[in-house]
Every structure is written in structure tokens, then in C-alpha cells.
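What you see is a predicted model; the values in this text were computed from it and never measured.
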Amino acid sequence: MTDFEDITYEIDGAAGIITINRPERYNAFRGKTVEELIKAFRSAWADSRVSAVILTGAGEKAFCTGGDVKQRAETGDYGPTESGMFEIGYLHKLIRDIPKPVIAAVNGVAVGGGHVLHVLCDLSIASENARFGQAGPKVGSFDAGFGSAFLARVVGEKRAREMWYLCRQYDATTAERWGLVNWVVPQEKLLDEAKAVAAEIAEKSPTALKFLKQSFNADTDHQAGLSNLAMSALDLFGKSDEGLEGAKAFAEKRPADFAKYVKA
């Protein structure tokens with residue numbers, strides 16, 4: 001198995017368990033993290049022992065808090081990668097394209113790009129201490145692809161707009177009521193519950209599940225075009241003064257000053 005720095009990957013029964021392992025940064029991802037996640041998902045895809053993939057975060061505080069804003073404030077990007085690219089858009093499509101169900105085991109905070117990751121998973125199981133939300137407009141970022149358009153399919157237009165425009169956080173009970181997660185369990189039972197679901201999936205026909213996943217995705221596959229456009233726009237916006245103001249404010253623990261960027 002590949003040695004990873006930012007994640008861990010193990011096979012437990014029928015489950016391939018991918019854990020974002022940057023608890024000191026609340027499991028925020030940098031470019032290297034994304035590359036390693038891609039490698040792990042591709043390994044799970046190719047491994048006949050794996051019937052389902054579990055995606056979770058290390059520790060008890062966070063599932064994932066999205067892109068590493070401190071890294072972006074320091075270097076203006078998400079750090080070096082082997083490919084020279086920040087491939088978060090490809091990771092989004094890979095979670096959808098892998099022909100095996102992906103289960104998000106949401107421990108703690110799932111916010112920003114981390115929230116997008118759990119939304120893209122086929123099933124989401126939340127611990128009682130989980131919290132959900134978007135943060136892009138607060139830190140000079142956005143996801144105008146799957147992170148907004150697909151979210152609206154999951155929770156409805158009004159709630160999706162509320163999440164993006166207000167950047168509030170919501171508890172696990174609210175997330176379950178909105179249909180944002182499938183169910184909620186005590187924190188200490190979260191991973192065991194996800195493994196039990198993976199074992200239940202392993203009893204089903206893998207070919208039938210593959211076709212079902214592709215059928216579910218067919219209705220929203222056109223959003224991949226929006227995602228490509230959004231990622232190109234985000235790359236440009238992130239380097240602008242307005243985009244960098246959000247990252248710098250976050251790193252300096254002060255309110256961002258976007259007032260001068262308001263246009264008539």
C-alpha cells in the first residue's frame with residue numbers, strides 16, 4: 001500500500017477506509033492531500049476486496065474544513081503537488097464516478113470544501129457532535145459547481161442558498177431533518193456504524209450497485225461542466241485582491257473587509 005503523509009488508507013473487511021489525517025489543521029486539505037485522496041480512491045476502485053468506501057477525518061473535532069486557508073494565505077495557493085495542479089475538481093468527479101458506494105462518516109465539523117466532500121458521497125452518517133456549513137464567501141472562495149448546484153438537489157434551493165449566503169453552521173439534528181445526512185449516531189459508534197453499512201452493502205450485487213450509482217448520477221452529470229467552469233473561475237478569483245483578503249483575514253483572525261469590492 002502506498003505510504004501517505006496527509007491521509008491514511010486501510011482495508012477493513014469489505015470497506016476501504018480513507019481518513020484525512022491533518023487534525024492539527026482540522027483536516028483541511030492542501031494540494032498534496034487532494035492528490036493522496038485521489039490515489040486512495042483509485043486504489044479502492046481497483047481492489048476487488050472493497051465493496052464500499054468510507055471517507056472520514058482523524059480525531060474528534062473535524063471531518064474536514066475544506067481548503068487550507070492558512071496555506072493559501074502564506075503562499076497564495078494550496079501548496080506544491082506532483083502534477084503541478086490542484087485537482088479538487090477531479091476528486092469531486094472521482095467520488096461520483098467510482099462504481100462503489102461512498103459513505104461519509106462525519107465526525108465533528110464539515111465546513112466549506114469539506115462539506116462539499118460529504119455532500120458528494122452516496123451516504124452520510126453523522127456523529128452527534130457533527131456540524132455542517134459553507135464558508136466560502138467569508139474567506140474569499142466559492143464552489144459554483146457541485147458544491148452549490150448539487151447541494152440544491154439534496155436540500156432544496158432555499159436551504160442551499162441560505163447555507164452559502166449566510167455561512168452559518170448547523171447541528172446534526174438539523175442536517176438529518178433537512179436530508180443532508182441519512183442518520184445520526186453517538187460519536188463513539190460512528191466508524192462502527194459506517195463499517196456495518198459497508199458490510200451490508202457487500203451482501204448486494206456489485207454490478208447492480210454500479211448501475212444504480214451511475215443511474216442516480218446521470219440526472220446531475222451535466223453539473224460537471226459547471227464544476228469545471230467554477231474551478232477555473234475560482235483559480236482566478238483566489239489570486240485577486242478580494243480573494244486574498246478573505247484568506248489573509250482568516251489567517252490573521254480578524255473580520256474580512258470586503259466593503260471596497262461592492263460594485264453598483
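Annotation: side chain of I95 is not in contact with side chain of I98 (no heavy-atom distance under 4.5 Å). Within the 4.5 Å cutoff, the side chain of F86 has no heavy atoms near those of the T81 side chain. Residues Q134 and V116 have side chains in contact (heavy-atom distance under 4.5 Å, counting atoms from C-beta outward). Looking only at side-chain heavy atoms (C-beta outward), L55 and L37 come within less than 4.5 Å of each other. By the 4.5 Å heavy-atom criterion applied to side chains, N21 and P23 are counted as neighbours. Annotation: side chain of I54 is in contact with side chain of L191 (closest heavy-atom distance under 4.5 Å). When side chains are defined from C-beta on, L117 counts as touching H92, because their heavy atoms get closer than 4.5 Å. Between T173 and V184 the shortest side-chain heavy-atom distance does not fall below 4.5 Å.
When ring centroids are compared, F63 and H115 stay outside the 6.0 Å threshold. A ring-centre distance under 6.0 Å is not found for F4 and Y9. You'll find the ring centres of F132 and W178 outside the 6.0 Å limit.
D122 and K213 are joined by a salt bridge, as a carboxylate oxygen and a charged side-chain nitrogen come within less than 4.0 angstrom of each other. Between R30 and D68 there is no salt bridge, since none of the side-chain N atoms of the basic residue sits less than 4.0 Å from a carboxylate O of the acidic one. A salt bridge does not link K189 with E128: none of the charged nitrogens is closer than 4.0 Å to a carboxylate oxygen. Between K70 and E74, none of the side-chain N atoms (NZ, or NE/NH1/NH2) sits under 4.0 Å from a carboxylate O, so this pair counts as no salt bridge. Salt-bridge check for D77 with K239: failed, with every basic side-chain N at 4.0 Å or more from each acidic carboxylate O. Between R49 and D47, at least one side-chain nitrogen of the basic residue sits less than 4.0 Å from a carboxylate oxygen of the acidic one, meeting the salt-bridge criterion. The residues E82 and K39 are annotated as salt-bridged, a charged nitrogen and a carboxylate oxygen being separated by less than 4.0 angstrom.
Hydrophobic clustering places L120 together with V155 (ILVMFWY residues linked when any side-chain heavy atoms are closer than 4.5 Å, directly or through intermediates). Residues F29 and V69 do not share a hydrophobic cluster, clusters being chains of Ile/Leu/Val/Met/Phe/Trp/Tyr side chains in contact below 4.5 Å. Under the 4.5 Å side-chain heavy-atom criterion for Ile, Leu, Val, Met, Phe, Trp and Tyr, I88 and I18 are members of the same hydrophobic cluster. In the hydrophobic clustering of this structure, F146 groups with V53; members are Ile, Leu, Val, Met, Phe, Trp, Tyr whose side-chain heavy atoms approach within less than 4.5 Å, directly or through other members. Follow the hydrophobic side-chain contacts under 4.5 Å out from F150 and you reach V106 in the same cluster.
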For a side chain to side chain contact (heavy atoms under 4.5 Å, CB included) check, start with the C-alpha distance between E24 and R22, then their side-chain angles and the critical distance, and finish with the verdict. CA-CA 5 Å; E24 74 285 355; R22 304 186 77 217; 4.0 Å; yes
For side chain to side chain contact (heavy atoms under 4.5 Å, CB included), just list the numbers for I103 and I125, CA-CA rounded to whole Å, side-chain angles, deciding distance to a tenth of an Å, and then say yes or no. CA-CA 7 Å; I103 305 161; I125 306 171; 3.9 Å; yes
For S127 and N129, run side chain to side chain donor-acceptor pair (under 3.5 Å): C-alpha distance rounded to whole Å, both residues' side-chain angles, the deciding distance at 0.1 Å, then the answer. CA-CA 5 Å; S127 65; N129 71 321; 2.4 Å; yes
Verify side chain to side chain contact (heavy atoms under 4.5 Å, CB included) between E245 and D257, making sure each step is shown before the conclusion. CA-CA 7 Å; E245 164 60 16; D257 182 8; 3.9 Å; yes
Do I38 and E87 pass the side chain to side chain contact (heavy atoms under 4.5 Å, CB included) test, and can you show the C-alpha distance, the side-chain angles, and the key distance before you say yes or no? CA-CA 9 Å; I38 288 170; E87 299 189 86; 3.9 Å; yes
Apply the test salt bridge (Lys or Arg N to Asp or Glu O under 4.0 Å) to residues K158 and E162: give CA-CA distance (whole Å), side-chain angles for both, the deciding distance (0.1 Å), then the verdict. CA-CA 6 Å; K158 293 291 187 180; E162 175 185 328; over 6 Å; no
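Side chains of S232 and D235: a donor-acceptor N/O pair is absent below 3.5 angstrom, by distance only. Counting only N and O atoms by type, the side chains of E35 and Y90 include no donor and acceptor under 3.5 Å apart. Looking only at atom types and distance, the side chain of R96 has a donor-acceptor partner in the side chain of T220 under 3.5 Å away. If you check the side chains of Q223 and S227, you find no donor sitting under 3.5 Å from an acceptor.
Across all their heavy atoms, W45 and K100 have their closest contact at O-NZ, 3.2 Å. The two residues G246 and A256 make their nearest non-hydrogen contact at CA-CB, 4.4 Å.
Formation of a donor-acceptor pair under 3.5 Å by the T33 side chain with backbone atoms of D6 is not found in this model. Panel note: side chain E36, backbone E5; a donor-acceptor pair is recorded below 3.5 Å.
Partner T56 forms a side-chain hydrogen bond (donor to acceptor under 3.5 Å, both in side chains) with one of N27, T8, N107, T19 and no other, that one being N107.
Shown here is K93, whose NZ atom has more than 12 heavy atoms of other residues, nucleotides or ligands within 6.0 Å.
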